[in-house]
Amino acid sequence: MKLLILGDSLTAGYGLPASEGFQAQLAAALARDGHSVTLVDGAVSGDTSAGGRARLDWTIGDGVDAALVELGGNDGLRGADPHELQANLTAILDDLAARRVPVLLSGMYAPPNLGADYEADFRGVFDRLGHRPDVLYDPFFLAGVAENPALNQADGIHPNAEGVRREVARLLPLVERLLSAVRS
């Protein structure tokens, strides 16, 4: 089974040895639980939802069975229009749905310095898309990690190896649900 990881630096393992990054830790956790899964690396540090949308076709290549979509953090850091974020993520989800690829959408929160209205509009994009019938939804990729300095690298944005371990442990049941959707 092939699982696409379409994301940014958070799933690319920015600042970590490859063995401690999100994809390596997720692959190890899935293998420990008896899943035979090949991860397709579609994570690019610095990527936005527009970048993920632009490269979706060639990232999928000859096909994938399921996808974890983790994009939006860089859109928020750049203050991108939430309507553009929604258009890009909708196009990605529509493309994957047309290919009958089940999706786990992992959301992102906007930086608080952009104001409460922007933050609500930004979060609303993920909440709306998370209600699609063809999507499993995780509201915040960095839940339990983002505001804990002990779980982040010095930049305060990217998780350290322990932060990634906790992310993987939290997301593993959802990823396993996603994989079971492929089998049914």
Side-chain angles (χ1 to χ4, degrees), residues 1-13 21-44 47-49 51-53 55-57 59-61 63-76 82 85-110 120-146 159 163-184:
M1 182 174 309
K2 289 187 193 176
L3 172 62
L4 169 64
I5 308 294
L6 185 66
D8 54 31
S9 58
L10 299 173
T11 48
F22 178 79
Q23 293 184 56
Q25 290 198 40
L26 178 61
L30 288 167
R32 276 192 307 270
D33 283 1
H35 301 283
S36 178
V37 178
T38 300
L39 299 187
V40 176
D41 184 1
V44 175
D47 210 1
T48 62
S49 60
R53 178 182 182 180
R55 63 189 169 73
L56 181 62
D57 280 340
T59 303
I60 289 175
V64 296
D65 300 298
L68 186 160
V69 176
E70 175 278 314
L71 289 165
N74 291 307
D75 297 72
L85 172 66
Q86 182 159 338
N88 291 327
L89 291 175
T90 297
I92 290 167
L93 296 176
D94 287 348
D95 188 321
L96 292 167
R99 298 172 193 252
R100 292 182 167 74
V101 173
V103 174
L104 168 57
L105 174 64
S106 191
M108 189 53 54
Y109 293 171
D121 290 346
F122 190 90
R123 188 177 301 183
V125 168
F126 291 99
D127 290 341
R128 283 187 296 280
L129 294 175
H131 282 95
R132 288 175 58 135
D134 55 341
V135 169
L136 280 174
Y137 181 47
D138 168 50
F140 185 40
F141 184 76
L142 294 171
V145 173
V164 171
R165 188 191 67 70
R166 291 189 189 192
E167 285 175 351
V168 167
R170 185 185 66 76
L171 287 170
L172 187 61
L174 282 173
V175 173
E176 290 177 328
R177 273 184 56 201
L178 177 69
L179 299 176
S180 70
V182 172
R183 295 185 197 108
S184 52

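Here the structure is a predicted model, which means the values were calculated and not measured. In this chain, residues are counted from 1 in sequence order.
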Checking side-chain contact (heavy atoms from CB on, under 4.5 Å) for the pair Glu167/Leu26: CA distance, chi angles, key distance, verdict? CA-CA 9 Å; Glu167 285 175 351; Leu26 178 61; over 6 Å; no
Restricting to side chain to side chain contact (heavy atoms under 4.5 Å, CB included), what partner residues turn up for Arg128, sequence neighbours left out? Gln86, Val125
So Leu179 and Leu30, side-chain contact (heavy atoms from CB on, under 4.5 Å) or not? Walk me through it. CA-CA 10 Å; Leu179 299 176; Leu30 288 167; 3.8 Å; yes
Looking at Ala12, is its backbone amide N or carbonyl O close enough to the side chain of Ser9 to form a donor-acceptor pair, meaning the two atoms are under 3.5 Å apart? no
All heavy atoms of Arg170 vs all of Leu142, minimum pair found to be NH2-N, 4.5 Å
Taking all heavy atoms of Arg55 and all of Gly42, pick out the closest pair and write down the distance. NH1-O, 2.9 Å
Treating Asp75 as the side-chain partner and Ser49 as the backbone partner, does any N or O pair qualify as donor plus acceptor under 3.5 Å? yes
Heavy atoms only: give me the nearest Phe140-Ser106 pair and the separation to one decimal. C-OG, 4.3 Å
Closest heavy-atom pair and its distance - Asp65, Val182: O-CG2, 3.2 Å
Without swapping roles, check the side chain of Thr90 against the backbone of Ala87 for a donor-acceptor pair under 3.5 Å. no
Quick one: closest heavy-atom pair of Leu3 and Leu68, and the distance? CD1-N, 3.9 Å
Would you say the side chain of Val101 lies within less than 4.5 Å of the side chain of Leu4, judging by non-hydrogen atoms? no
Thinking salt bridges, do Asp94 and Arg53 make one under a 4.0 Å N-O criterion? no
In Å and rounded to the nearest 0.5 Å, what is the CD1 to CG distance from Ile92 to Leu105? 9.5 Å
Gap separating the CG atom of Leu71 from the CG atom of Asp8, nearest 0.5 angstrom: 6.0 Å
Would Met108 and Phe122 satisfy side-chain contact (heavy atoms from CB on, under 4.5 Å), going step by step from the backbone distance to the final call? CA-CA 8 Å; Met108 189 53 54; Phe122 190 90; 4.2 Å; yes
Which atom names give the shortest non-hydrogen contact between Leu89 and Phe126, and what distance separates them? CD1-CE2, 3.5 Å
Look up atom CG in Leu178 and atom CG in Leu104, then write down how far apart they are to the nearest 0.5 Å. 6.0 Å
With rounding to the nearest 0.5 angstrom, report the NZ to CG distance, Lys2 to Leu39. 12.0 Å
